[in-house]
Each structure stands twice: as structure tokens, then as C-alpha cells.
Amino acid sequence: MFNFAMTPLGNLFFGLTLIVFASLLLIKNERRDLPLYVLLFASLGVIFYASDLITLFVGWEIMSWSSYFIIAKSARIETLQKYIIFNLAAGFALLGAIVLIVAFAGTTLYGEIDFGKVPEALHVPITLLLFVTIAIKSGIMPFHYWVVDTYEESDHIFSAILSAIISKAGIFLFIVIFSQIIGYRYLHGSLFDVLAWLGVITSIAATFKAISQEEFKRLLAYSSIAQIGYIVTVLALLEGSGIEAGLYHTIIHTLVKLLLFVNIASIIYITGKTKFSQLGNLLYDYPILFVLLLIGIIALAGMPPLGGFNSKFLIYTALLEEKKALLLVAVMFSSASAFLYCYKLIYGIYLGQASGDKEGYRELPVGFYIPQFIAAIILVVLGILPSLGIVPLNPILDSLGFEVSSYGSLFELHTAFASFNGGVLMGLFGVVFALILWLVTSVKSKAVMARDRYDISYCGETPDPQNNLHYGYGIGEELRRISFIGVILANSTAAYWEHISKLSSDSSLMLKKLYSLGTQYVGLFVLLFFTILLFLGVR
Amino acid sequence: MLLDSLVMIALAYIFGFLYYGLYRNISARVHGRFGPSLAQSFFDSIKLFLKENSTNFGWMFYAGPIIMMTGAITTLLFIPYLNGSEHLIGLSQYGNLILVLYLMVLGPLGNAMGIGSNGNPFGIMGITRGLTRLIGLELPFYIAAIGLMIANQSADIGVIMTNQSEGCNAFTHPLLFIGAFISFLGFMGKSPFDVVGAPQEVYSGPATEFSGKFFAIALSQSAIFSFAKLLLMVNLFLGGAEGLVELVAKTFALFLVAVLVGNVYARFTTIQSVEFLVRVPTGIALVGLLFV
């Protein structure tokens, strides 16, 4: 009944799942919901290794439901309702598309489906149904409404899984359905152009929303939406280079979000606080966590010399090769603006001045460090050996029938537009840094250690503990005054979805009236029903 | 290659400070003063390097300027000095324009980390202004860079430079050049897009609390980084240079225009400069992109 097959694509996604779950397993789970995590893990395996559409759908549903029960342990009821309504809609849309494909193709097996048998009139509806599924799971606007609240209110460890792995299920579905099952020759390019723009508009809006957040989990949730926006944009190019860039960014984003979410989970575990305004100056108390977060944000911002730059480079060159100049401008703009939220994340928690006292802080179990170290080490290694990330991607491109990109050495990353050498870059960076450090330390000069945190130049005055000196955590507040950013920050899709919700509740009220008209009408309905049946029978 | 790189750094250091001295002199003449001697900035940087630091705020505070300097030098070495020459090209064959654009942000990040760690709230004000302005500054420059990359079908700075033998990009893509040049004024820290910093001797700018050798490093990196940016503009839009004399002439011409413009205009607030940058130069560069 259920069919499975090992594919290079499945291997990549399952490999990432394995890294995330295995490393998170070492963190002691305070709640006893391990069976649900196991179920979730199994469902992801089913999705990634399924070889027929029904198996895929079953896996998809188990994933949605097991996540629901995990989220239900900590989230508010409104959040849960949002989660379940959107994810049910995603499931129904997927089921609808599957039913339409299978009804005409006559088989559910990936390898045997001939999309040519599906009438042309149905191609656009099927594509749109799949878009809805992918957009909901990946949080593409306007379907991202459920994402941020769910990320914020989930268990801190589960947020990492949501962002690192579950958000990638949409990406996986995109590649499997459109590249493997349907095939690009049946797709309408213009629809995918719209999707590409939706992806990049999502990332710009989400980037500015992220900058203005006060809680770090919400900031990271918006950041996830923005990053997945890039992936959808390059995948929608429907080219091998786009898939390569999208999958590379999938790897990087999984690692980065694993690192960042576990890092802030550690901070929440230690301090019990979730807002930038409550923290600050944890740098010298938790230097290892600080350095790990620094690695995370450098990779998130896509700055060299870490692995994050490789995927940004591939995304840009993929867009350049397709001459999508405006899309590229938008992606680069969003990416450049992301520096601000990256900095806000590290400043608000680790730098600046401490807010409040540090009483009641807990000791951090070693388990929290392991996922972060694993992700950080891989990110650094990918910085030195950029083509190492291409190694698992080439079999995927090959199996999908695209040209495989060649690499001379693992140190170099080649595209048609340009190449760079990660080894030289990292080496240069290290050597220059070491030389300057040596230069600085070779000239002896003694500096007086600051007496305390208030020993600063403060307009000729001496601040005292009553002064709030950590107001820098509010980076991004003033962005509202820039008109185009103000427009983004002042608007949200909430009003739109509330309107939809009101419409549907009104229409169901009307339906309800039909049922509550009174017993005398029941006979009338029965009569009407049989008349229609009779009419149809006569015809 | 090692010698090549060292010469490149030395040249950038010398010319960076020389231009900085000239900037102080020219500004002084505009204001009706005489200004310091040309070599004053060198002396300042060396003197500062040998002076004691005033206050120590921990290792991250000190790592900030070092990361800044590393960012500046790394950026410099990925930009070739000369067109079609085997010398003074550094490591540019291992990099490309996209890499350089991203390396340029590494310095500001180091700065932001160092300043953020000292706990001075004025520092973070400067950083926020700087990073916010960067949103506006990068947009037109990126559009121009994208236009050039598409026109040349390559992101290699060397290729973009040599393809200009028929006529430099400033004339063949004038709108891209104008857009990029307005951004460039901001990247050079010139009015009207500048953010106040300690080198301007304002008490509480972004570089608040740096002293002694770390202040010297901050000053030196800014000199080297300015030269790297001049070099990038010359390579991308003015056809690069065949020899050192041409390089100095072209970078100086660009620098002079930036200084003169900077002296004429008053400073925008951060909000104003972002608003202006995302409208005017971005619009110009986008129109330029249509003609690529």
C-alpha cells in the first residue's frame, strides 16, 4: 500500500532532519512528550522517502497533527486555532491537487505519473492548489499569518524544529511535485513569476517586521519567513541553478536556525526572560553562547567568511543568470536590511547594559551547547570548503535531470558568473586578524579596567543604576518614521484574515438558519430533495 | 603574492591618510582656515598607537576595531589595483564583486560589536544610525553593481574592468554611475549622508570610548577602507588604471568631487538620508538598469 524509495533529495532532507533531531535529543525535555517527537520524526521520514502521493499525504497529515499536539502543550487557544485552520487548509489543498492528478494520471506512484494525461484546463488550478500548500507551510505572504504566533508560543526547543525542519517541508514538496512529478514543461512560467515576487516581497516585509520586534523568538520567526522567501524565489525560477541555490540555502538556514533558536532557548532557560528590554550585557557571563550566536548571525546575514555567504552567492548568481535584475535588487535589499535585525538580536541580549538584576539565573545544562556547536562547526567548515555543500546537491540535480555543476576543488565555489575560493578567504581573514592582534599586543600599554558598567562617557555626568542605559534594545523603532518602512510596519494581513473569518462565520450562520427553521419545513426539504432526485433521474 | 599584498596595504595606508590630510586641508580652505599639515594624520595615527588606552571594557570591546581592520584589509586585497597587470592585484582572482560587496559590511559589523559591548548608550545610537543609513546606501550601489554584472555577464571585477577599453562605464552606463556615485558619497562618510563619528571630534559619536592604539586602528582602517572604496569605484566605472600614476589621478579626482560635495551640503538626518537614497539615486539607478 505505502511505497517508499531512497532518493538523493530525500536523503538530503532526512539527513538534515537527523542532525536536528539527534542534536536536540541531548537537551533534557522537561515535558514528557517524547512520543510525539518520535511520531513527528517518523512522519518527516515518511514524507521525504515516500514514492507515491498517498504516502506523501499521509506523512504530511501526521506531521501537521503531531506538531499540533506538541504546540498545544504551551500555546494559547487562538494560536492553536490559527495553526490548525491554516494547516488543515494546506492539507486539503494538497489532497485536492493529488486527487486531480491521480484521477487523470491513473496512478499514485511518482515514477509512473504522466502529467500530460491531465487536461490542460486543470493545470493552473492544480498549480494554484499546490502553491497554497507550499505557501502555508513555508509562511509565504499572505499565508504566514499562523507562523509567528506559533513559533513564539511553542516550546523553545520545538521552535527550533519548526523553523529548521518543518518549514522546509514546503520546499521539499515544491521540488518533488513540480520538478519530479509534474515536470517543468507543463508548468506556466507566469504563475511562477508571481510566486517568485511573492517570495521576495515576503522577505522584504518580514525583514522589516523582524527589526521592529521586541521579543527574540518573534524576531527569529520573522527572520525564518524572510529566509524561506528567498528559497521560494529562487526555486520559482524553475532552473537547475535555482534549485541548487535554494537547496544550499535550505542547508544553511536549517543549521543557522538550529543554532539561533537553541541559543535563545538557552538564554530563556537561564534567565526566564523573553524580551530584549529585560536583558543585556550577558556577554561576559556567557562568552561561549555569545560567540556561538555571533557565528549564527554572521551566517544568517550571509557575510563571508562563513557558510552563509555561499548560499547567498548562489542565490544571486542564479538570479543573475536568469537576468532577473529586479528580483535580484529586491533580494539584495532585503538581505542588506537583515543586518539590522541580526545586530539587534546580539545587542539586545549580550551587549549594552544589563537591565534588572541577575538573580534566579539557572545553570545551563551541557546539552544545550551540543546542537549549537554542531551547527557552528559545520558553518565554519562550509566557509572554508564551500563546494562541500554542493556534494549532496549534485546527485539531486542529476536525478531531476539538470546539469550538474562541476567543482575543481572543495575550496572553490563556481558558477557561470563568478567563483571564489573559501579557503583563501578564510585563510586571509585568519592571517590578517592574527597579525593585527599581534601588532596590538606587541605594543604594551596598560589600560585601567572600567570600574563598573557605569564607568562610561555620559555627557559629562555619571550615570547611576537608576538610569536606563539599555535603551539601545529598541533598534528599529525609529524605522517607522521612514515612510516606506512605516507602511510595512503599520500594515499586517491580520485585518484581511479577520475579514475572511467574519465572512465565513456569517455564511455559516445563514446555513445554520436553514437548519433551525422549525419542524414544519423538514417535510418541505425532503419533498424538495426527492423532486430534484426525480428530475435528475428523468433526465 | 605576499609582497604584492603588503605593497597594496602600504599604498592604501599612505594614500588613505594623504587623502584624509587633503580632505582636512581643503575643508579648512572652504571654511577660511589654513588647516593642519598634510602629514598630520600620519603623526596622529602613530602617536595614538603608542599612547595608553584610557578604559578597558573587556575583550569584545578590543576585538571590535581589530575586526574592522581585518574587514578593511580583506576587502582591499580582493580589489585589483591595476588593469591587466600581473602586479598589485592581490588575491582578486580568488574573489568577485559580490564577495567584495559583502566584505565591505564586515567592518561596520566589527565596529558595531565593539561599540555595543562598552555599554555606552550614545555608541548604540551612532551604530543604529549607521546601520539604518546603510539600508539606504547599499540599495543604489547594489543596483548599479547588478547592472554592471549583467552587462558584462560576469561578477569578476577584473573582467568588468577590462571590458571598459571601448569607453568606461561612467559614460556607457551614466545613470548607474550617478546612482552609485551618490551612494559612494555616503560610503565615504561625506555630507549630506554622513553619520557623526569621533574623528569629527564630537564627544559622543559611534567611536565613543575608543582610545590609544584602538583609536589609531579605527583611524587607520578608515583610511585604508576609504582607499578601497575609491579603488572599487575607479575599477567599476572609470575603467581601472594601467599604471600607478593613472590610479592616483583617478582616485584623487573621485575623492576631490566627494570632498567638494561634502563641503557644500549640510548633513541630512538619518531618516532624511534613507528617504532620499531610496527615492532619488535608487530611482536613477533603476532607470539605468532598464537600459542594460
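Computed from a prediction, not measured in an experiment: that's the story for all the values here. A, B, ... follow the sequence lines: proteins, then strands. Residue 1 opens every chain.
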Contacting moiety of A/Ala301, where chain B heavy atoms sit under 4.5 Å: backbone
Gap separating the CE atom of B/Met104 from the CE atom of A/Met303, nearest 0.5 angstrom: 13.0 Å
Segment of A/Phe433 engaging chain B (4.5 angstrom heavy-atom cut-off): both
Top of B/Leu289, B/Asp156, B/Asn152, B/Val292 for chain A proximity - count of heavy-atom pairs under 4.5 angstrom: B/Leu289
All pairs passing side-chain hydrogen bond (donor to acceptor under 3.5 Å, both in side chains) where residues 280-299 of chain A contributes a residue, at least two apart: A/Asp285-A/Lys358
Toward chain A, the part of B/Leu91 with a non-hydrogen atom under 4.5 Å: side chain
Pick from A/Tyr343, A/Phe333, A/Tyr316, A/Phe420 with the largest number of heavy-atom pairs that fall under 4.5 Å of chain B: A/Tyr343
Contact check, side chains of A/Phe429 and B/Leu106, non-hydrogen atoms, under 4.5 Å: yes
Region of A/Phe208 that comes under 4.5 Å of a non-hydrogen atom in chain B: side chain
Residue A/Phe290 excluded, over 12 heavy atoms near CZ under 6.0 Å: yes
Interatomic distance, A/Thr415 atom OG1 to B/Ile98 atom CD1 [nearest 0.5 angstrom]: 7.0 Å
A/Ile346 versus chain B, the contacting section by heavy-atom distance below 4.5 Å: side chain
Close side-chain approach of B/Leu97 and A/Phe417, heavy atoms under 4.5 Å: no
Closest non-hydrogen atom pair, A/Leu351 against B/Met113: CD1-O, 4.0 Å
Interface moiety of A/Lys312 toward chain B, non-hydrogen atoms closer than 4.5 Å: side chain
Close side-chain approach of A/Val440 to B/Tyr62, heavy-atom, < 4.5 Å: no
Stepwise side chain to side chain contact (heavy atoms under 4.5 Å, CB included) check, A/Leu326 with B/Leu286: CA-CA 8 Å; A/Leu326 288 179; B/Leu286 277 177; 3.7 Å; yes
Side-chain donor-acceptor pair present, B/Arg279, A/Ser483, cut-off under 3.5 Å: yes
Engaged part of B/Val274 at the chain A interface, taking heavy atoms whose separation is under 4.5 Å: side chain
Part of B/Ile9 lying under 4.5 Å from any heavy atom of chain A: neither
Residues, nucleotides or ligands: over 12 heavy atoms within 6.0 Å of B/Gln93 CD: yes
Chi angles and distances behind the side chain to side chain contact (heavy atoms under 4.5 Å, CB included) call for B/Leu101, A/Met332: CA-CA 11 Å; B/Leu101 289 179; A/Met332 283 185 98; 4.2 Å; yes
Heavy-atom side-chain contact between A/Leu425 and B/Phe78 under 4.5 Å: yes
Approximate separation, where rounding is to 0.5 Å, of A/Leu437 CG and B/Met69 CE: 13.0 Å
Contacting moiety of B/Leu99, where chain A heavy atoms sit under 4.5 Å: both
Side chains of B/Gln153 and A/Lys323 in contact at under 4.5 Å (non-hydrogen atoms): yes
Closest heavy-atom pair and its distance - B/Trp59, A/Pro287: CZ2-CB, 4.2 Å
Structural part of A/Val331 lying under 4.5 Å from a heavy atom of chain B: neither
Under 3.5 Å: donor-acceptor pair, side chain of B/Asn96, backbone of A/Ala418: no
Exceeds 12 heavy-atom contacts within 6.0 angstrom, atom CZ of A/Phe484: yes
Leading residue by heavy atom contact count with chain B [cutoff under 4.5 Å; candidates A/His470, A/Glu478, A/Glu412]: A/Glu478
Shortest non-hydrogen separation from B/Tyr102 to A/Pro304 and the atoms involved: CB-CD, 3.5 Å
List the atom pairs, donor and acceptor, that lie under 3.5 Å between side-chain atoms in residues 131-151 of chain B and the rest of the protein, sequence neighbours left out.
unit_1	atom_1	unit_2	atom_2	d
B/Thr132	OG1	B/Thr128	O	2.5
B/Arg133	NH1	B/Gly186	O	3.3
B/Arg133	NH1	B/Phe193	O	2.7

Most chain A-contacting option - heavy-atom pairs closer than 4.5 Å, from B/Ser117, B/Ala63, B/Ser5, B/Gly95: B/Ser117
Proximal component of B/Val278, with respect to chain A [non-hydrogen, under 4.5 Å]: side chain
B/Tyr94/A/Leu428 under side chain to side chain contact (heavy atoms under 4.5 Å, CB included): CA gap, chis, key distance, verdict: CA-CA 11 Å; B/Tyr94 297 110; A/Leu428 177 67; over 6 Å; no
Worked verdict on A/Phe339 versus B/Leu109 for side chain to side chain contact (heavy atoms under 4.5 Å, CB included): CA-CA 8 Å; A/Phe339 291 126; B/Leu109 179 84; 6.0 Å; no
Residue among A/Leu479, A/Ile436, A/Leu320 with most heavy-atom pairs under 4.5 Å to chain B: A/Ile436
Largest heavy-atom contact set with chain B, pairs under 4.5 Å, which of A/Ser337, A/Gly422, A/Gly280, A/Pro305: A/Ser337
When B/Ala155, B/Gly116, B/Ala216 are compared by non-hydrogen pairs under 4.5 Å with chain A, the top option: B/Gly116
